[in-house]
Asker: 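Please find one structure pasted underneath; my questions will follow.
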Amino acid sequence: MLGGGKMKGGEAVGSGSISPLVSFVLGAAMATVCIVFVMSASPGRRLTDISAWSNSNATAEDAPLLPLQEVTADSQLAAASNVTVAAPVPAPVQAPSPPPPPPASPYGDLEEVLERAATKEKTVIMTQINAAWTKPGSLLDLFFESFRMGEGGVARLLDHLVIVTMDPAAYEGCQAVHRHCYFLRTTGVDYRSEKMFMSKDYLEMMWGRNKFQQTILELGYNFLFTDVDVMWFRDPFRHISMGADIAISSDVFIGDPYSLGNFPNGGFLFVRSSNKTIEFYRSWQQGRWRFFGKHEQDVFNLIKHEQVERLQLAVQFLDTTYISGFCQLSKDLNKICTLHANCCVGLGAKMHDLRGVLDVWRNYTAAPPEDRRAGKFHWKLPGICIH
C-alpha cells in the first residue's frame with residue numbers, strides 16, 4: 001500500500017512537469033514549419049528578409065533614445081519635406097492709372113471758344129456786351145444786321161466773332177443768336193444796366209476790357225476789337241497794314257497813318273500778339289494808376305510817344321475815310337467799311353442815329369450801280385449825334 005501510494009504521487013508530479021515541455025516543443029516545431037514554408041515560397045528573398053528582420057531588431061534594440069523634442073522637430077522636418085508646395089499665385093497686373101486731368105483753366109472755356117472762332121492765322125474779332133445791349137431791337141440786333149447787309153462777303157466774318165458777355169442775361173441772349181459766346185465773370189460791378197460815360201462803373205468796365213484784351217494776346221491770339229455800336233459794311237482788314245503791331249481807329253485823323261499826332265479811339269482796335277504788344281499792354285494797365293481817373297483811351301494817348309519809342313512799336317492810325325465814326329464822318333458810301341457811333345453819349349441817341357444809318361445803307365445797296373457810283377446817297381443829317 002505504501003509503495004503503491006508513492007507511485008501514484010510520482011506520476012502526478014511527472015505529469016505536471018512534462019506537459020509544459022511538450023507544449024513548448026510542439027509550438028517550436030510549428031513555428032519552424034511555418035518559417036520553412038514561407039521561405040520556400042520566396043527563395044530569392046529568404047536571406048534578405050531574414051537579414052533585414054535580424055538587423056531591424058538589432059537596430060531597434062541598439063539605437064539610443066532621442067529626446068522627445070528632437071524627435072518631434074525631425075518628424076516635422078520630414079513631414080514638411082514630403083509636402084507638395086503650391087506654386088505662388090502671381091499678383092494681378094493692374095492697368096496703369098490714367099493721367100490726371102489737366103488743371104482747370106482760370107479762364108473757363110475761353111481757350112476753347114477762341115480756338116473755334118480763330119482764323120488759321122489765330123485772329124479773332126471780338127465785341128463786348130451787357131444785358132442792356134442784347135434786348136430785342138437793341139444794339140446787338142443792329143450790329144448783326146449791318147453784317148448781313150454788308151458787301152464783299154463781310155457776313156462771313158461773323159464766323160470769327162467772339163461775343164464777350166458781362167452778365168448771365170447777356171450770355172443767355174448771346175447763345176440764342178450766335179455760336180461763339182464767352183461769359184467774362186467779374187466781381188464788384190453789376191454790368192446788367194447801361195453805364196454812363198466816365199462813371200465809376202464805366203471806368204471799371206473799360207479797364208476790365210483792356211485787361212481782358214491783354215489776356216487774349218498772352219494766349220497767343222491776334223484780335224480785332226470792335227464796339228457793338230460799330231456798323232460793318234465792308235471788310236476792314238484790307239486797310240490794316242501787315243507791318244502794324246497795333247492799328248487803331250481815329251476820332252480825328254490828320255492824314256498820316258503813322259503820325260502819333262492822330263487822336264485814337266479804342267472802340268475799333270487791332271493788335272498782333274507779340275512780346276512787344278504784351279509789354280505795351282502791361283504799361284497801359286500801369287498807366288491807369290499813373291493817370292488815375294482817366295479811361296483807357298486817354299491813357300493810350302498819354303503813353304503812346306514813350307512806349308512807341310521804348311518798344312519800337314509800329315502803330316497805325318486808321319483813315320476815317322474807310323474806318324469812320326460820328327466824330328469825323330466819311331461821306332463816301334463807296335469807300336466806307338465801318339461806321340462807329342462815337343462822340344455820342346447814351347444808348348437811345350446811338351440807336352436813333354444808327355437806325356438812320358442802316359436805312360441809308362439799305363437804299364444804297366438796293367440802287368443800280370450807276371446811281372451808287374454817281375454819289376447820290378448821303379447820310380441823314382443832322383441826327384442826334386451824327387453831323
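Position 1 is the first residue of the sequence; numbering continues from there.
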Asker: List the atom of C181, the atom of V113, and the distance in Å for their closest heavy-atom pair.
Answerer: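 The pair with the smallest heavy-atom distance is O-CG2, 3.7 Å.
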
Asker: Do you know which two heavy atoms are closest between A117 and V124, and how far apart they sit?
Answerer: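 Result for this residue pair: C-CG1, 4.2 Å.
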
Asker: Does a side-chain heavy-atom distance below 4.5 Å link L329 with L339?
Answerer: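 SC-SC contact between L329 and L339 confirmed.
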
Asker: Quick one: does R179's side chain have a donor or acceptor within less than 3.5 Å of a partner on D159's backbone?
Answerer: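 Absent.
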
Asker: Name the orientation class of the two ring planes belonging to Y182 and F212 (parallel below 30°, tilted from 30 to 60°, perpendicular beyond 60°).
Answerer: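 Rings of Y182 and F212: parallel, under 30°.
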
Asker: For the residue pair F223 and Y281, categorise the inter-ring angle as parallel (less than 30°), tilted (30 to 60°) or perpendicular (more than 60°).
Answerer: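 Ring orientation of F223 relative to Y281: perpendicular.
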
Asker: Does some side-chain heavy atom of I163 sit less than 4.5 Å from a side-chain heavy atom of V177?
Answerer: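 Counting from C-beta outward, V177 and I163 never come under 4.5 Å.
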
Asker: For I336, does its backbone N or O pair with a side-chain atom of R234 as donor and acceptor, under 3.5 Å?
Answerer: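 Answer holds: yes.
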
Asker: Tell me which one of F377, F233, F147 satisfies ring pair (Phe, Tyr, Trp, His ring centres under 6.0 Å) with W361.
Answerer: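 Testing W361 for a ring pair (Phe, Tyr, Trp, His ring centres under 6.0 Å) against F377, F233, F147 leaves exactly one candidate, F233.
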
Asker: Contact between I323 and F270 at the side-chain level, heavy atoms closer than 4.5 Å - yes or no?
Answerer: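 SC-SC contact between I323 and F270 ruled out.
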
Asker: Quick check: closest heavy atoms across L158 and H180, and the distance to 0.1 Å?
Answerer: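 Answer, listing the atom of L158 first, then H180: O-CD2, 4.5 Å.
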
Asker: Under the 6.0 Å and 45° cation-pi test, does R372 pair with Y364?
Answerer: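 Yes.
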
Asker: Please check if the side chain of W379 supplies one atom and the backbone of S330 the other of a donor-acceptor pair under 3.5 Å.
Answerer: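 Yes; at least one donor-acceptor contact below 3.5 Å.
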
Asker: Within the supplied structure, the quantity of interest is the number of heavy atoms (other residues, nucleotides, ligands) at a distance under 6.0 Å from H160 NE2; does it exceed 12?
Answerer: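 Yes, NE2 of H160 has more than 12 neighbouring heavy atoms, counting only those of other groups under 6.0 Å.
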
Asker: Pair F280, F300 - check ring pair (Phe, Tyr, Trp, His ring centres under 6.0 Å), show working.
Answerer: CA-CA 10 Å; F280 176 81; F300 182 100; 5.6 Å; yes

Asker: Under 3.5 Å, is there a donor-acceptor pair linking the side chains of T123 and E121?
Answerer: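 Absent: no donor and acceptor within the cut-off.
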
Asker: I'd like to know whether CD of E151 has more than 12 heavy-atom contacts from other residues, nucleotides or ligands below 6.0 angstrom.
Answerer: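 Count over threshold, so yes.
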
Asker: Minimum heavy-atom separation for R209 to G266, with atom names?
Answerer: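 Looks like NH2-O, 3.9 Å.
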
Asker: Run through F237, F144, F268 and flag the one making a ring pair (Phe, Tyr, Trp, His ring centres under 6.0 Å) with W232.
Answerer: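 Result for ring pair (Phe, Tyr, Trp, His ring centres under 6.0 Å) with W232: F268.
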
Asker: Side chains of L354 and I386: does their closest heavy-atom pair fall under 4.5 Å?
Answerer: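 No, side chains not in contact.
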
Asker: Run the salt bridge (charged side-chain N to carboxylate O under 4.0 Å, His left out) check on E279 and R282 step by step: do they pass?
Answerer: CA-CA 5 Å; E279 179 59 28; R282 292 189 182 121; 3.3 Å; yes

Asker: Locate the shortest heavy-atom distance separating H295 from L203; write the atom from each residue and the value.
Answerer: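 Minimum heavy-atom separation between H295 and L203: CB-CD2, 3.5 Å.
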
Asker: Is the closest side-chain heavy-atom distance between C174 and T134 below 4.5 Å?
Answerer: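 No, too far: nothing below the 4.5 Å cut-off.
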
Asker: Answer yes or no: is there a donor N or O on one side and an acceptor on the other, between the side chain of S138 and the main chain of A132, under 3.5 Å?
Answerer: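 Answer holds: yes.
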
Asker: Checking side-chain polar atoms at under 3.5 Å, does D167 have a donor or acceptor matched by the opposite partner on N130?
Answerer: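 Distance-only check fails for D167 and N130.
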
Asker: Give a yes or no on whether a salt bridge exists between K211 and E204, defined as a side-chain N under 4.0 angstrom from a carboxylate O.
Answerer: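 The answer is no: the pair does not qualify as a salt bridge.
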
Asker: Evaluate the pair C343, C385 and indicate whether the two SG atoms are within a distance below 2.5 Å.
Answerer: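 Cystine link not detected, SG atoms outside the 2.5 Å cut.
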
Asker: Heavy atoms only: give me the nearest I240-A247 pair and the separation to one decimal.
Answerer: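 Closest heavy-atom pair between I240 and A247: CG2-CB, 3.9 Å.
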
Asker: Any side-chain to backbone donor/acceptor pair from T127 onto V228? Under 3.5 Å, distance only.
Answerer: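 Judged by distance alone, yes, a pair lies under 3.5 Å.
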
Asker: Are any side-chain N or O atoms of S250 and backbone N or O atoms of L318, one a donor and one an acceptor, separated by less than 3.5 Å?
Answerer: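 At least one qualifying donor-acceptor pair exists.
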
Asker: Could you check whether any side-chain N or O of N301 sits under 3.5 Å from a backbone N or O of F263, counting only pairs where one atom can act as donor and the other as acceptor?
Answerer: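 No; judged by distance alone, with no hydrogens or angles, the pair does not exist.
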
Asker: Measure from the side-chain N and O atoms of H178 to the backbone N and O of L161, and report whether any donor-acceptor pair falls under 3.5 Å.
Answerer: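 Indeed, once roles are kept as given, a pair shorter than 3.5 Å links the two residues.
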
Asker: Here's a test for you: under side chain to side chain donor-acceptor pair (under 3.5 Å), which of Q297, E296, Q285 qualifies with N210?
Answerer: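 Exactly one candidate clears the test, Q285.
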
